[in-house]
Amino acid sequence: MCLVRIGLPKKGPDGKPLLNEKGEPEIQWQPKLAASCVTAVADGMVVDTLSDVVREAQAGMVEFTLLNHPLDCPTCDKGGACELQDRTVEYGLYEKYYQKGPLELPVYTRFEFTRRHVDKHHPLSPFVILDRERCIHCKRCVRYFEEVPGDEVLDFIERGVHTFIGTMDFGLPSGFSGNITDICPVGALLDLTARFRARNWEMEETPTTCALCPVGCGITADTRSGELLRIRAREVPEVNEIWICDAGRFGHEWADQNRLKTPLVRKEGRLVEATWEEAFLALKEGLKEARGEEVGLYLAHDATLEEGLLASELAKALKTPHLDFQGRTAAPASLFPAASLEDLLQADFALILGDPTEEAPILHLRLSEFVRDLKPPHRYNHGTPFADLQIKERMPRRTDKMALFAPYRAPLMKWAAIHEVHKPGEEREILLALLGDKEGSETVARAREAWEKAKNPVLILGAGVLQDTVAAERARLLAERKGAKVLAMTPAANARGLEAMGVLPGAKGASWDEPGALYAYYGFVPPEEALKGKRFVVMHLSHLHPLAERYAHVVLPAPTFYEKRGHLVNLEGRVLPLSPAPIENGEAEGALQVLALLAEALGVRPPSGSTSRRRRP
């Protein structure tokens, strides 16, 4: 499709351009069309993209591409979002737009023989299915696996008309396989969770942020008739570029299944459906004799900044020290100066304690770029360029730039010249050796030497370090001595944001997994031991949990993070927006409204801006 006609100025014996009667340089056109994508720019070059000969070639390329294509657009999930459809309309219907021209090209194919028929429903994995008849052999998916996650698991098999895309016997062993469904230009690679559920133009697109890990990738939630059908990657160049992990893409089906849509109140030993007014009266009765300092407020790991601020203000009004959020680490993420993902690409050495592939998956892709010495591409006013010319085929990886220590064999160890598997809990000893205060293994000594030589290093810490206050303090000292920034891979999606809002236990305050007297849990269920012996328990959940059925006195319906409006702070310290997708959730209310309801039941004036949309009794 990039064939163009190229001409260069004619030159005389003196090497100067020859001029025509109008005083303009005479152009010598090349006898054949050239592929513009691999043609270097030359001084005085003229590029023709509009002449009949060029348009004829473009129409011919569309015709050849459609030669063996099944043309099953009415039943194809890609219909309405298919690049081949767009190119056919733009370039293939030559006669429709140029009927008066000298060319007479057919609108439809001239070939009359039987089209190729091959396997149409070949599962590449439990989440991705391949329709080989629709494949146009563009090789985007093959190049993606090689150039982005670095997992060469897909390739062409056979030759000529018999060529097909295939994998090894064990499918797609990659945590980033779903991205090929986005970049496939036709309906050959499809998301099995969304297949045959709706047409592209029937779905409502909501740009939002994934809250399954601390990276906060940009996503698009596609819904129809109140049902979440599909998650796609959304371009956020500074965070996830245009990729997301398989957990973020395929792990959404729970949002629609068995939703809690009405409040539940315990009557005669069991939870029964109730109205919000009845739930409020049950709250008021249960908290009738409660003192403010007895009440505990606990937020989910993906609670927004707005919810965190309201919970913090309510805890102050109640004078309770029992305030926390799910997944808070022993050492706060704010202990470390945050690095950005682009800082990582500019660094000359990365020291990792943990497993980014599991704890913050997009870091796996960023580290793949890092060991190939790729820098952030230049961004133009019209957006990110389609082609990053830094990327070469099978680029060598500089394994000397990375050291990795983990309690098990981590996938990224294949790119780290310095790596070691240690026993769980040994992070503090490794960090002590890296500081030079203790003898360590030969591998640790090599990592320490590389860290000292580095001029611009980055430290990446997993939950194993963050859950150990001694190890975290040693990591802080290690970073401080080199002036290095840190990427703290917290278990909570909004750990930095909730810490900044003051959602932390006070003096003698119980953390989210400790027993107590009167507690309200927003968006999650704590361990059973934390629920035993509590006099009154309120839970705010999107799905009913067996422990809630056993211990909760009032259960209120909650939205998932796909349905929230607010903001998160990711592991870079970057503020990211959440937008609500139109998902059917019954009478669910957000934590802002439920916290206001709790404040009203306790006789405390809700902080400003927290009033509920629902009518109060």
Side-chain angles (χ1 to χ4, degrees), residues 64-88 109 111 113-146 149 151-203 220 222-224 227-233 243-254 256-257:
F64 284 132
T65 304
L66 292 172
L67 175 62
N68 273 309
H69 203 70
L71 302 182
D72 56 353
C73 303
T75 60
C76 179
D77 273 278
K78 201 78 171 186
C82 174
E83 290 185 41
L84 185 55
Q85 285 181 332
D86 295 341
R87 299 295 82 77
T88 301
T109 178
F111 295 91
F113 50 76
T114 303
R115 297 176 185 273
R116 178 188 59 174
H117 292 291
V118 290
D119 189 6
K120 281 192 68 66
H121 308 291
H122 178 73
L124 294 180
S125 77
F127 304 108
V128 179
I129 196 164
L130 169 64
D131 189 318
R132 286 176 176 158
E133 277 192 357
R134 296 174 185 161
C135 179
I136 60 171
H137 302 162
C138 67
K139 209 177 180 181
R140 283 190 191 180
C141 52
V142 175
R143 288 185 56 204
Y144 161 77
F145 277 112
E146 179 195 325
D151 303 318
E152 297 187 25
V153 296
L154 201 62
D155 208 345
F156 283 137
I157 301 172
E158 300 293 347
R159 301 185 67 179
V161 74
H162 302 293
T163 302
F164 65 93
I165 293 291
T167 69
M168 300 180 188
D169 292 339
F170 43 81
L172 298 177
S174 172
F176 307 93
S177 63
N179 291 310
I180 60 177
T181 65
D182 281 346
I183 64 176
C184 181
V186 292
L189 293 163
L190 295 174
D191 176 350
L192 268 172
T193 64
R195 190 165 174 248
F196 297 150
R197 299 185 71 184
R199 308 298 292 179
N200 282 286
W201 56 85
E202 294 173 336
M203 290 189 275
T220 298
D222 291 333
T223 57
R224 179 194 180 201
E227 190 176 1
L228 179 60
L229 301 182
R230 183 174 64 184
I231 296 294
R232 292 178 292 129
W243 317 116
I244 57 174
C245 69
D246 284 353
R249 182 183 297 276
F250 302 122
H252 63 82
E253 291 182 296
W254 61 274
D256 288 319
Q257 296 171 355

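In this text, all values refer to a predicted model and were calculated from it rather than measured experimentally.
- Taking the six-membered ring where the residue is Trp, Y144 and W243 present tilted rings, their angle falling between 30° and 60°.
- Taken from CZ in F250 to OG in S177, the straight-line distance is 5.0 Å, to the nearest 0.5 Å.
- R230 and N200 are linked by a side-chain donor-acceptor pair at a separation below 3.5 angstrom, with hydrogens and angles left out of the test.
- Under the side chain to side chain donor-acceptor pair (under 3.5 Å) criterion, H117 pairs with E133, sequence neighbours left out.
- Residues F176 and D246 come closest through the heavy atom pair C-OD1, 3.4 Å.
- L190 and T181 make their closest contact through C-CG2, 3.7 Å (heavy atoms, listed as atom of the first residue, atom of the second, distance).
- Inter-residue side-chain proximity for F145 and S174 is flagged as met; some heavy-atom pair is nearer than 4.5 Å.
- Using a 4.5 Å heavy-atom threshold, the side chains of C184 and C141 count as separate.
- In this structure, the side chains of I129 and L124 stay at 4.5 Å or more apart for every pair of heavy atoms.
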**Message:** Walk me through whether I180 and V128 qualify under side chain to side chain contact (heavy atoms under 4.5 Å, CB included).
**Reply:** CA-CA 9 Å; I180 60 177; V128 179; 4.1 Å; yes
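- Under a 3.5 Å cut-off, the side chain of R132 and the backbone N or O of H122 do not form any donor-acceptor pair.
- Considering every non-hydrogen atom in both L154 and G166, the closest pair reads CD1-O, 3.4 Å.
- For the pair L67 and R116, the minimum side-chain heavy-atom distance is 4.5 Å or more.
- Side-chain N or O atoms of Q85 include one that pairs as donor or acceptor with a backbone N or O of G80 at under 3.5 Å.
- Atom CE of M203 is separated from atom CZ of R224 by 9.0 Å, given to the nearest 0.5 angstrom.
- Closest heavy-atom contact between I165 and L130: O-CD2, 3.4 Å.
- Rounded to the nearest 0.5 angstrom, E83 CD and T65 OG1 are separated by 12.0 Å.
- For the pair T167 and V153, the minimum side-chain heavy-atom distance is 4.5 Å or more.
- The main-chain N or O of L228 is found under 3.5 Å from a side-chain atom of D256 such that the two form a donor-acceptor pair.
- Between E253 and T193, some side-chain heavy-atom pair lies under the 4.5 Å cut-off.
- Counting only residues at least two apart or in different chains, salt bridge (charged side-chain N to carboxylate O under 4.0 Å, His left out) contacts with residues 69-79 comprise D72-K120, D72-R134.
- Pairing each heavy atom of F164 with each of E158, the nearest pair is CE2-CG, 3.7 Å.
- Here the side chain of D222 pairs no donor or acceptor atom with the backbone of L229 at under 3.5 angstrom.
- For the pair L84 and P185, the minimum side-chain heavy-atom distance is 4.5 Å or more.
- Residue pairs satisfying the salt bridge (charged side-chain N to carboxylate O under 4.0 Å, His left out) criterion with at least one member in residues 180-200, sequence neighbours excluded, are listed as follows: D182-R249, R197-E227.
- Side-chain atoms of R140 come within 3.5 Å of backbone atoms of I183 as a donor-acceptor pair (strictly under, hydrogens ignored).
- Rounding to the nearest 0.5 angstrom, the gap separating the NZ atom in K139 from the OG1 atom in T163 is 11.0 Å.
- To the nearest 0.5 Å, the span separating CG on D131 from NE2 on H121 amounts to 6.0 Å.
- At most 12 non-hydrogen atoms from other residues, nucleotides or ligands lie less than 6.0 angstrom from CZ of R143.
- Counting heavy atoms from C-beta outward, L66 and I136 have side chains that stay 4.5 Å or more apart.
- Nearest heavy atoms, G187 versus C76: CA-SG, 3.7 Å.
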